[in-house]
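We name chains A, B, ... by the order of the sequence lines, and we start the count at 1 in each one.
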There are 2 protein chains.
Amino acid sequence: MKRIADSTVRRLSMYLRYLEELDTRGQKTASSDELAQLCGTTPAQVRKDLSFFGSFGKRGLGYPVHELTAHLREILGLEREWKVVIVGAGKIGAALANYRGFKQRGFQVVGVYDNNPDKIGQPWGEAIVRDIADLERDVEREQVLIAVLAIPSDDAQQVVESVVRAGVRAILNFAPTQISVPPHVSLKSVNMAMELEGLSFALTNAAGNKGAA
Amino acid sequence: MKRIADSTVRRLSMYLRYLEELDTRGQKTASSDELAQLCGTTPAQVRKDLSFFGSFGKRGLGYPVHELTAHLREILGLEREWKVVIVGAGKIGAALANYRGFKQRGFQVVGVYDNNPDKIGQPWGEAIVRDIADLERDVEREQVLIAVLAIPSDDAQQVVESVVRAGVRAILNFAPTQISVPPHVSLKSVNMAMELEGLSFALTNAAGNKGAA
DNA sequence: CTACCTTTGTGAAGTATTTCACAAGCTCAA
DNA sequence: TTGAGCTTGTGAAATACTTCACAAAGGTAG
């Protein structure tokens, strides 16, 4: 199968979000045009994105909402549960663990870790903060495949290496630093400073910039 | 001036981060190769990115760390202070307000707003949570140009319209929904669900995916 | 059953971004 | 001053992504 662009995957995720909403409302079909408007893209883009994975629509009618929802879930790998560990019991970690969409989409937080003795053992949402010293062992035993890093930059690479050794295959990094992973591990980084600086740039060099989502 | 790609701006931001580090350590020059390795990109990319804005390097030697740092700050619009309001006094808002890099880079949080009566008036970091009803008036009076939205999806569009009316020109949106802004307003969205689903996709369709930063 | 309207799926065209590759410039050493 | 060794800056090539545009279907009304 052809390589799928990252931008395409992000849009699929967005289509899914709005299809679920339409499905809840009982809408039976949606055209590429309708989806495009909801998601802020173009009809051609919607059709092209979906066409990488099959022919889900009916000409003259549009896409069957409920079925397409199921297809997208499958494509994105959301039919199964993914075990996730959160490393770093700070504010970002808390925001993530709190986030409802998380569980809804099949991401099950099996543990929260920190290296601060004041936090270890404290209750934290439904869980209890564990010692980061146990992270590697736990990840291996529970076969966790996804780790979310919400820790200071200096500790990030070290934790990455530890969880990768333990079998983690995907990492979502909130530390504002570059980290490196072996080729078989997927990595996404979210960097708030970068986003804000992007806005600063846009404001500074304003000359009819259109804002991008 | 030619339009600068979003990806380029993000990399500039990253170069800046590492240049500051090198500068602190007293390193005088850095080659495109060194920067590329630190940032996980290629030397050609570094040179091309910088070349959009001028010739900062010396052939045979590399880029002068301290000067380039200053140039990048200027390019990114970080020489001035930007007033920022945070809308939504939840976990994400807290994570942002807490974030040191924020102030360091010249983003000054002038107010935190919420619509929950239990939160309004409560201390929150160094500030006090204000009533969202006052948001529009305050933004206008203080001439705030940047708003960060950390509120539920349903409220997002409405708040956007309010702050845009009040003069905001850039929005960083953490609500997992599509929002629309007039052409003169810049918008960036961070969507954790989307990132995680991207990882789920990568794991599901694993076939030698290289992890992207 | 036919005519007409709508909307998909998709090659081809058009843009945008990244990578290549190399002339030109700077430093240093002798 | 010259030559060797690096490293930049940049058109051109390659690749990636988006948009176009239209034939092929499905639906519906009469």
Rounded off to whole Å, could you give me the [atom1]-to-[atom2] distance for the [X] and [N] pair?
| X | N | atom1 | atom2 | value |
| --- | --- | --- | --- | --- |
| A/Asp33 | C/dG9 | CG | C1' | 16 Å |
| A/Asp6 | D/dT15 | CG | P | 20 Å |
| B/Leu12 | C/dT17 | CG | C1' | 14 Å |
| A/Ile4 | D/dT18 | CD1 | P | 12 Å |
| B/Phe52 | D/dT8 | CZ | C1' | 15 Å |
| B/Arg3 | C/dT15 | CZ | P | 15 Å |
| A/Phe56 | C/dT10 | CZ | P | 11 Å |

Please check if the side chain of B/Arg17 supplies one atom and the backbone of A/Pro176 the other of a donor-acceptor pair under 3.5 Å.
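Side chain of B/Arg17 to backbone of A/Pro176: a pair is present.
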Pairs satisfying side-chain hydrogen bond (donor to acceptor under 3.5 Å, both in side chains), at least one member in residues 138-148 of chain B, at least two apart:
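Of all non-adjacent pairs touching residues 138-148 of chain B, those that pass side-chain hydrogen bond (donor to acceptor under 3.5 Å, both in side chains) are B/Tyr113-B/Asp138, B/Arg130-B/Asp138, B/Asp138-B/Arg141.
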Between CG on residue A/Asp114 and CD1 on residue A/Ile132, distance to nearest 0.5 Å:
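Between atom CG of A/Asp114 and atom CD1 of A/Ile132 there are 6.5 Å.
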If I take atom CD1 from residue B/Ile75 and atom CD from residue A/Glu197, how far apart are they, to the nearest 0.5 angstrom?
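Output value for this atom pair is 12.5 Å.
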Is there a side-chain contact between A/Ser32 and the phosphate of C/dT7, meaning an N or O under 4.0 Å from OP1 or OP2?
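No, no such contact exists.
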Tell me whether the side-chain N/O atoms of B/Ser7 come closer than 4.0 Å to OP1 or OP2 in C/dT17.
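For C/dT17, neither OP1 nor OP2 has a side-chain N or O of B/Ser7 closer than 4.0 Å.
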Where is the tightest heavy-atom contact between A/Ile151 and A/Gly88, given as atom of each residue plus distance?
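The pair with the smallest heavy-atom distance is CG2-CA, 3.6 Å.
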A/Arg11 has a side chain; which of D/dC17, D/dT18, C/dT7 sits nearest to it?
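Ranking D/dC17, D/dT18, C/dT7 by closest atom to the A/Arg11 side chain puts D/dT18 first.
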Measuring from the side chain of A/Ser55 (C-beta onward, heavy atoms only), which nucleotide among C/dG9, C/dT19, C/dT8 has the closest atom?
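Comparing C/dG9, C/dT19, C/dT8 against the side chain of A/Ser55, the answer is C/dG9.
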Strand-adjacent residues in residues 43-50 of chain A, judged by heavy atoms under 4.0 Å from DNA chain C:
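When residues 43-50 of chain A is checked for heavy atoms under 4.0 Å from DNA chain C, the hits, listed by number, are A/Arg47, A/Lys48.
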Within residues 57-71 of chain B, which residues have any heavy atom lying less than 4.0 Å from an atom of DNA chain D?
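The answer is B/Gly57, B/Lys58, B/Arg59, B/Gly60, B/Leu61, B/Gly62, B/Tyr63.
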Where does the angle between the aromatic ring planes of B/Phe53 and A/Phe201 fall among parallel (under 30°), tilted (30 to 60°) and perpendicular (over 60°)?
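Taking A/Phe201 first and then B/Phe53, their aromatic rings stand perpendicular (interplane angle over 60°).
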For A/Arg25, is there an ion pair with A/Glu21 - N to carboxylate O distance below 4.0 angstrom?
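Answer for the salt bridge query: yes.
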Any carboxylate oxygen within less than 4.0 angstrom of a Lys/Arg side-chain nitrogen, looking at A/Glu67 and A/Lys58?
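Looking at A/Lys58 together with A/Glu67, the answer is no, because their closest N to O distance does not fall below 4.0 Å.
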Does any part of the side chain of B/Leu96, heavy atoms only, come nearer than 4.5 Å to the side chain of B/Phe174, both counted from C-beta?
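Yes. Closest side-chain heavy atoms under 4.5 Å.
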